[in-house]
Asker: 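Below is the structure I would like to discuss, written out as structure tokens.
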There are 2 protein chains.
Amino acid sequence: MTETPRPLRADAVRNRRALLAAAADEFAERGLDASIADIARRAGVGKGTVFRHFATKDDLIAAIVIDRMDALNAAGERLLAEAPDAGVALREFLSIAAEQRQQRDLSFLQQAGDLSPEVTAVRTRMYDTIDRLVEKAHASNAVRRDVTGTDVILLMCAPNYVVSYVPDAPPDLWRRYLAIIFDGLRPEGAQPLPHPPPTATA
Amino acid sequence: MTETPRPLRADAVRNRRALLAAAADEFAERGLDASIADIARRAGVGKGTVFRHFATKDDLIAAIVIDRMDALNAAGERLLAEAPDAGVALREFLSIAAEQRQQRDLSFLQQAGDLSPEVTAVRTRMYDTIDRLVEKAHASNAVRRDVTGTDVILLMCAPNYVVSYVPDAPPDLWRRYLAIIFDGLRPEGAQPLPHPPPTATA
DNA sequence: CAATAAACGGACCGCCCGGTCAACTTGCTA
DNA sequence: TAGCAAGTTGACCGGGCGGTCCGTTTATTG
């Protein structure tokens, strides 16, 4: 059923990689409306080459998003398998996510490159990993019971968001807000939450 | 020193108001790149009229931002004067801010309409109000001591941000995340925070 | 009810964007 | 090393944007 896709030519792989890197940098610096022309220039290729590799700007965005979510998911799986303390594992996962986003804030791409089924697939996988991290944390009473995996997913990027309002934020400032939010997740003295949790995000 | 500015003509005031409202709606629906032409159409005026009232798109944005921050500041002042419990007052203020943003999310305008001195002025005033709310909360031991006013400013919009990732979020979902974050602000069992607080934001 | 300045409207300008295409170059393979 | 498909390139296109300008309309005022 699956077609036999001829392997890419050597220069093509090189260009594809350069393009992906240049696009990530350019988006991080200029935001969502970084232009294809600038990305091409930064990668040292012609504009046409961009569209040969990624039929549309949204496809390019999707490819970047997939790369990043895959990396994050891998980190989560590793923690799930290796970390001894479930609470520490969850916090470590949130730290890794924050660190990734601190280096290059590409959060706005999430919203843009959404339609593709590949994005949906890798996101579902990552959500599942987070669910399991939270379940383990529940089991060892590190996180209040009425907080769900989806809650954690939603809160995940909040520390970076908070920091984004500080003009020249020190690179570790997010740790401060992760600490506050994580404190809000503890079981001790928690009153019941005022609204039912949302169901899994598509 | 101050010039005598002739009072605006009756139709001009009407149009200005309509423009501001239409722009707020349009930005809320379409995001930052809502077009001036669409805003004009929605307000029922010509495109030229927009630029008569607001010399540039950024000026229009600044006017909207000023309106909203003024309203929020007024609410804060009122709470400061009238509310009996300082902890409740702070939480109520955060609720009002969240509610405002829930109705129309215009947060992205903050970042855009920044340069104007009027924006800076009204923002400074609002920051000061929040500082006083937090100080009072400290005094009545409703909020942990190592959390500053600037911290609260930064955390203020996080509940809405968190919710923004849920496709068809129920309109009150933000309350859930405000509760979690507010719990992280309580003095009980708080460990010292891992990073010094940022200084006031310009 | 004139007269007049203020306000309005929309055709118009230049710019830049995402995307296309046909001529050209280059890595692969037999 | 010859031949060719795969890959590259940049000029080019249509469209939408912010902003300008001037002929027309309208609120105001004496």
Side-chain angles (χ1 to χ4, degrees), chain A residues 3-27 29-65 108-109 111-116, chain B residues 3-27 29-65 108-109 111-116:
Chain A
E3 295 290 327
T4 57
R6 297 261 186 79
L8 283 181
R9 239 167 61 175
D11 55 344
V13 256
R14 203 183 333 120
N15 282 338
R16 189 175 207 279
R17 248 193 282 275
L19 232 17
L20 241 16
D25 286 341
E26 200 69 21
F27 279 128
E29 284 175 21
R30 312 250 188 228
L32 184 57
D33 43 356
S35 80
I36 296 286
D38 284 348
I39 291 171
R41 199 171 311 128
R42 187 164 191 153
V45 303
K47 205 166 72 152
T49 303
V50 182
F51 288 102
R52 160 159 278 265
H53 287 279
F54 309 98
T56 187
K57 192 178 182 179
D58 282 336
D59 285 357
L60 172 57
I61 290 172
I64 296 173
V65 169
F108 46 88
L109 296 186
Q111 323 240 41
D114 222 346
L115 337 167
S116 140
Chain B
E3 296 290 328
T4 57
R6 297 260 186 80
L8 284 181
R9 240 167 62 173
D11 54 345
V13 263
R14 204 181 334 122
N15 281 340
R16 189 174 206 280
R17 249 194 281 275
L19 233 18
L20 241 17
D25 286 343
E26 200 69 21
F27 279 128
E29 286 175 19
R30 312 248 188 228
L32 185 56
D33 42 357
S35 80
I36 297 286
D38 284 347
I39 290 170
R41 199 172 311 129
R42 187 164 190 150
V45 303
K47 206 166 73 152
T49 303
V50 181
F51 288 101
R52 161 159 279 266
H53 287 280
F54 308 97
T56 188
K57 191 179 183 179
D58 281 336
D59 285 356
L60 172 57
I61 290 171
I64 295 173
V65 170
F108 47 87
L109 296 186
Q111 322 240 40
D114 223 345
L115 336 167
S116 140

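All figures in this text were calculated on a predicted structure; none of them were measured in a lab. We name chains A, B, ... by the order of the sequence lines, and we start the count at 1 in each one. Worth knowing before you read on, the calculation uses all heavy atoms, side chains too, and leaves out hydrogens, waters and symmetry mates.
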Asker: For A:Arg30 and C:dG18, give me the distance from atom CZ to atom P, rounded to whole Å.
Answerer: 13 Å

Asker: Supply the atom-to-atom distance B:Asp58 CG to B:Leu109 CG, rounded to the nearest 0.5 angstrom.
Answerer: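 Going from the CG atom of B:Asp58 to the CG atom of B:Leu109 covers 10.0 Å.
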
Asker: Step by step, would you call B:Leu32 with B:Ile61 a side chain to side chain contact (heavy atoms under 4.5 Å, CB included)?
Answerer: CA-CA 9 Å; B:Leu32 185 56; B:Ile61 290 171; 3.9 Å; yes

Asker: Out of D:dG7, C:dC8, D:dG18, which has the shortest distance to the side chain of B:Asn15?
Answerer: C:dC8

Asker: Output the rounded distance in Å from CG (B:Leu8) to P (D:dA27).
Answerer: 14 Å

Asker: Are any of the side-chain nitrogens in B:Asp11 or B:Arg14 under 4.0 Å away from the carboxylate oxygens of its partner?
Answerer: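 Looking at B:Asp11 and B:Arg14, the cut-off is not met.
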
Asker: Work out which heavy atom in B:Ala62 is nearest to a heavy atom in B:Ser116; give both atom names and the distance.
Answerer: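 Closest pair (atom of B:Ala62, atom of B:Ser116, distance): CB-CB, 4.5 Å.
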
Asker: Using the C1' atoms of five pairs at each end, what's the angle between the two axes of the helix from C:dC1-D:dG30 to C:dA30-D:dT1, to 10 degrees?
Answerer: 10°

Asker: Tell me whether the side-chain N/O atoms of B:His53 come closer than 4.0 Å to OP1 or OP2 in C:dA7.
Answerer: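 Negative; the distance criterion is not met.
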
Asker: Rounded at 0.5 Å granularity, tell me how far CG in A:Asp25 sits from CZ in A:Arg42.
Answerer: 4.5 Å

Asker: Identify which nucleotide among D:dT8, D:dC17, C:dC8 has an atom closest to any side-chain atom of A:Ala12, counting heavy atoms from C-beta outward.
Answerer: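 Within the option list, the nearest is D:dT8.
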
Asker: How many Å lie between CG on A:Asp33 and P on C:dG19, as a whole number?
Answerer: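 From A:Asp33 CG to C:dG19 P: 14 Å.
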
Asker: Among residues 38-46 of chain A, which contact DNA chain D at a heavy-atom distance under 4.0 Å?
Answerer: A:Val45, A:Gly46

Asker: Between A:Thr49 and D:dT9, does any side-chain N or O lie under 4.0 Å from OP1 or OP2?
Answerer: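 Yes.
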
Asker: Measure from the side chain of B:Phe51, starting at C-beta and using heavy atoms only, and say which of C:dC17, D:dG18, C:dC28 lies closest.
Answerer: D:dG18

Asker: OP1 or OP2 of C:dG18 versus the side-chain N and O atoms of A:Thr56: is any pair under 4.0 Å?
Answerer: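 Checking C:dG18 against A:Thr56, no side-chain N or O comes under 4.0 Å of OP1 or OP2.
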
Asker: When the distance from CG of B:Leu32 to P of D:dC17 is rounded to whole Å, what number comes out?
Answerer: 13 Å

Asker: Check the pair B:Leu60 / B:Ile39 against side chain to side chain contact (heavy atoms under 4.5 Å, CB included), numbers first and verdict last.
Answerer: CA-CA 11 Å; B:Leu60 172 57; B:Ile39 290 170; 4.1 Å; yes

Asker: Working to the nearest 0.5 angstrom, can you tell me the gap between A:His53 NE2 and A:Leu8 CG?
Answerer: 7.0 Å

Asker: Between A:Ile36 (CD1) and D:dT9 (P), how many Å, whole number?
Answerer: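 After rounding, the reported distance stands at 15 Å.
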
Asker: Ignoring hydrogens and geometry beyond distance, is the side chain of B:Arg9 in donor-acceptor contact with the base of C:dA7 at under 3.5 Å?
Answerer: no

Asker: Given D:dG10, is OP1 or OP2 found less than 4.0 Å from the side-chain N or O atoms of A:Lys47?
Answerer: no

Asker: To the nearest 0.5 Å, tell me how far B:Lys47 NZ sits from B:Asp38 CG.
Answerer: 10.5 Å

Asker: Give a yes/no answer on whether the side chain of B:Arg52 brings an N or O atom under 4.0 Å of OP1 or OP2 in C:dA7.
Answerer: yes

Asker: Go through the steps to decide whether A:Phe54 and A:Leu20 satisfy the test side chain to side chain contact (heavy atoms under 4.5 Å, CB included), and finish with yes or no.
Answerer: CA-CA 10 Å; A:Phe54 309 98; A:Leu20 241 16; 3.6 Å; yes

Asker: Rounded to whole Å, please give me the gap between CG in B:Leu60 and P in D:dG19.
Answerer: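 These atoms are roughly 10 Å apart.
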
Asker: Over how many whole Å does the gap from A:Arg14 atom CZ to D:dA6 atom P extend?
Answerer: 19 Å

Asker: Which heavy atom of A:Val13 sits nearest a heavy atom of A:Ala10, and at what distance?
Answerer: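 Closest heavy-atom pair between A:Val13 and A:Ala10: CG2-O, 2.8 Å.
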
Asker: Rounded to the nearest angstrom, tell me the gap between atom NZ in B:Lys57 and atom P in D:dG18.
Answerer: 4 Å

